[in-house]
Participant: 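Let me give you the structure first, and then I'll get to my questions.
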Amino acid sequence: MHDIQNEADPRGIAIDEVGISGLRYPITFDDGHTRQYGIADISVTVGLQSHRRGTHMSRMIALVHEEVATLAPQELPIALKRGLTLLDAPTLTLTLSLPIATTVTAPASRRQSWQTHDVTITGRITADTCAVATTVTTDVTSLCPCSKAISDYGAHNQRSEITLTVTGTTDAPYPLAIHEIVDLLRNVGSAPVFPLIKRPDERVVTMQAYDHPVFVEDIIRDISLACREKGLNHAIRARNLESIHSHDAIASLAYTD
């Protein structure tokens with residue numbers, strides 16, 4: 001059968017990225033500490049040479065099925081290298097997104113529950129380089145320092161959505177595990193959030209937030225400082241879902257050592 005996508009293209013124009021997105025596929029996430037099953041949203045793209053008419057998208061599905069059905073982030077460079085050969089491409093990018101849950105313990109009652117975080121693993125490889133980015137989004141509580149300072153009692157607070165991306169290299173593709181990223185994020189802000197708390201827990205969390213007011217700027221600086229102390233290349237986005245304003249407060253930064 002004639003392979004049309006292998007035909008030569010006369011226009012001489014290379015394509016930066018071509019491939020598949022929106023692939024929902026069952027995977028097992030296993031980084032040696034956290035092991036969970038889920039349905040990931042996956043994209044696979046390659047750079048296409050100027051002389052080639054098309055890429056092999058069915059091979060991208062085969063790559064997912066054979067190489068990342070069990071996803072160990074620290075081994076992703078191996079899968080990317082095999083994919084580069086399989087697809088005969090100069091570059092390859094593989095992105096997988098899925099929720100990962102960790103257990104959290106309420107501060108007073110010690111009741112345990114599952115807190116879910118949005119996770120994205122992105123690997124990109126060329127003939128000379130390979131990078132793996134681990135992105136985790138989770139929530140904390142933030143309490144406004146200005147509101148606390150000007151009020152006779154109380155202060156407005158809100159849930160804050162924080163996203164941290166840590167980028168590794170071929171030698172250390174997964175320098176900070178997901179559970180470690182979650183712990184780092186839950187320790188910034190005014191207080192962590194919990195799916196399950198009883199009244200004694202609510203008292204502890206409310207007073208903790210009041211004792212630790214933070215701006216959105218404070219949140220990303222505290223995270224960046226912790227990452228710099230670990231020697232991590234990182235990017236941070238924080239969004240305060242403001243409770244008394246008609247807008248949100250946002251901040252972001254990126255750092256490369």
Side-chain angles (χ1 to χ4, degrees), residues 19-20 23-46 59-87 89-104 114-138 162-187 223-224 226-237 254-257:
I20 63 172
L23 174 66
R24 288 158 55 86
Y25 217 77
I27 71 164
T28 301
F29 179 89
D30 188 356
D31 68 358
H33 179 277
T34 302
R35 181 179 175 87
Q36 289 182 23
Y37 305 94
I39 304 294
D41 186 283
I42 302 174
S43 68
V44 184
T45 61
V46 295
R59 295 182 186 180
M60 296 175 178
I61 307 297
L63 174 67
V64 170
H65 185 80
E66 295 166 9
E67 299 293 342
V68 295
T70 297
L71 175 61
Q74 54 269 51
E75 297 177 4
L76 190 56
I78 298 172
L80 295 173
K81 186 175 181 180
R82 290 172 180 166
L84 207 62
T85 301
L86 177 67
L87 289 154
T91 65
L92 183 146
T93 302
L94 173 65
T95 301
L96 304 96
S97 299
L98 75 163
I100 296 290
T102 60
T103 54
V104 295
W114 290 99
Q115 180 72 20
T116 302
H117 323 276
D118 293 326
V119 173
T120 297
I121 308 290
T122 300
R124 178 173 172 80
I125 189 169
T126 70
D128 303 314
T129 63
C130 182
V132 177
T134 302
T135 301
V136 177
T137 299
T138 197
I162 308 173
T163 299
L164 172 61
T165 298
V166 174
T167 301
T169 63
T170 303
D171 295 333
Y174 191 55
L176 199 64
I178 284 172
H179 73 280
E180 295 173 310
I181 295 177
V182 169
D183 288 345
L184 189 159
L185 296 181
R186 286 176 60 81
N187 283 315
I223 296 170
S224 186
C227 289
R228 293 178 197 215
E229 290 173 348
K230 296 177 183 294
L232 300 172
N233 293 332
H234 59 277
I236 313 161
R237 298 191 310 273
Y255 174 83
T256 301
D257 191 2

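Counting from 1, the numbers follow the sequence of the chain as shown. All figures in this text were calculated on a predicted structure; none of them were measured in a lab. Note: hydrogens, waters and symmetry copies are ignored here, and every other heavy atom, side chains too, is used.
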Participant: For the atom pair OG1 (Thr120) and CG (Asp41), what is the distance rounded to the nearest 0.5 Å?
Facilitator: 8.5 Å
Participant: So Thr116 and Pro99, do their side chains get closer than 4.5 Å, heavy atoms only?
Facilitator: yes
Participant: Partners of Gln36 by side chain to side chain contact (heavy atoms under 4.5 Å, CB included), sequence neighbours excluded?
Facilitator: Thr34, Ile100, Ala101, Trp114
Participant: Is it true that a side-chain atom of Asp30 and a backbone atom of Arg35 form a donor plus acceptor pair closer than 3.5 Å?
Facilitator: no
Participant: Before giving the answer on side-chain contact (heavy atoms from CB on, under 4.5 Å), spell out for Ile236 and Cys227 the whole-Å C-alpha distance, their side-chain angles and the decisive distance to 0.1 Å.
Facilitator: CA-CA 10 Å; Ile236 313 161; Cys227 289; 5.6 Å; no
Participant: Not counting sequence neighbours, which residues clear ring-ring contact (aromatic ring centres under 6.0 Å, His included) with Tyr37? List them please.
Facilitator: none
Participant: With the side chain counted from C-beta on, respond yes when Leu176 and His234 share a heavy-atom pair under 4.5 Å apart, and no when they do not.
Facilitator: no
Participant: Ignoring hydrogens, what is the shortest heavy-atom contact between Cys130 and Thr170? Give both atom names and the distance.
Facilitator: CB-OG1, 3.2 Å
Participant: In Å, rounded to the nearest 0.5 Å, how long is the span from OG1 of Thr70 to CD1 of Ile27?
Facilitator: 8.5 Å
Participant: Mind checking the CG-CD1 spacing from Leu184 to Ile162? Nearest 0.5 Å is all I need.
Facilitator: 9.0 Å
Participant: Quick one, Val136 and Leu164 - any side-chain contact, counting heavy atoms below 4.5 Å?
Facilitator: no
Participant: Any side-chain heavy-atom pair from His117 and Ile178 closer than 4.5 angstrom?
Facilitator: no
Participant: For Leu63 and Leu92: C-alpha separation, side-chain torsions, deciding distance, then whether side-chain contact (heavy atoms from CB on, under 4.5 Å) applies.
Facilitator: CA-CA 11 Å; Leu63 174 67; Leu92 183 146; 4.1 Å; yes
Participant: So how far is it from Leu96 CG to Tyr25 OH, rounded to the nearest 0.5 Å?
Facilitator: 12.0 Å
Participant: Between Leu86 and Glu67, does the side-chain contact (heavy atoms from CB on, under 4.5 Å) criterion hold? Intermediate values first, please.
Facilitator: CA-CA 11 Å; Leu86 177 67; Glu67 299 293 342; over 6 Å; no
Participant: Mind checking whether His33 and His179 have parallel, tilted or perpendicular rings, split at 30° and 60°?
Facilitator: parallel
Participant: Has the side chain of Gln74 got a donor or acceptor atom that lies under 3.5 Å from a matching backbone atom of Asp31?
Facilitator: yes
Participant: With rounding to the nearest 0.5 Å, note down the distance linking CG in Leu94 to CD1 in Ile125.
Facilitator: 11.0 Å
Participant: Enter the distance from Leu232:CG to Thr165:OG1 here, rounded to the nearest 0.5 Å.
Facilitator: 12.0 Å
Participant: Give a yes or no answer on whether the side chain of Arg24 reaches the backbone of Ile39 with a donor-acceptor pair at less than 3.5 Å.
Facilitator: no
Participant: Verify side-chain contact (heavy atoms from CB on, under 4.5 Å) between Ile61 and Ile20, making sure each step is shown before the conclusion.
Facilitator: CA-CA 9 Å; Ile61 307 297; Ile20 63 172; 3.4 Å; yes
Participant: Would you name the heavy atoms of Pro77 and Pro173 that are closest together and state the gap between them?
Facilitator: CG-CB, 3.8 Å
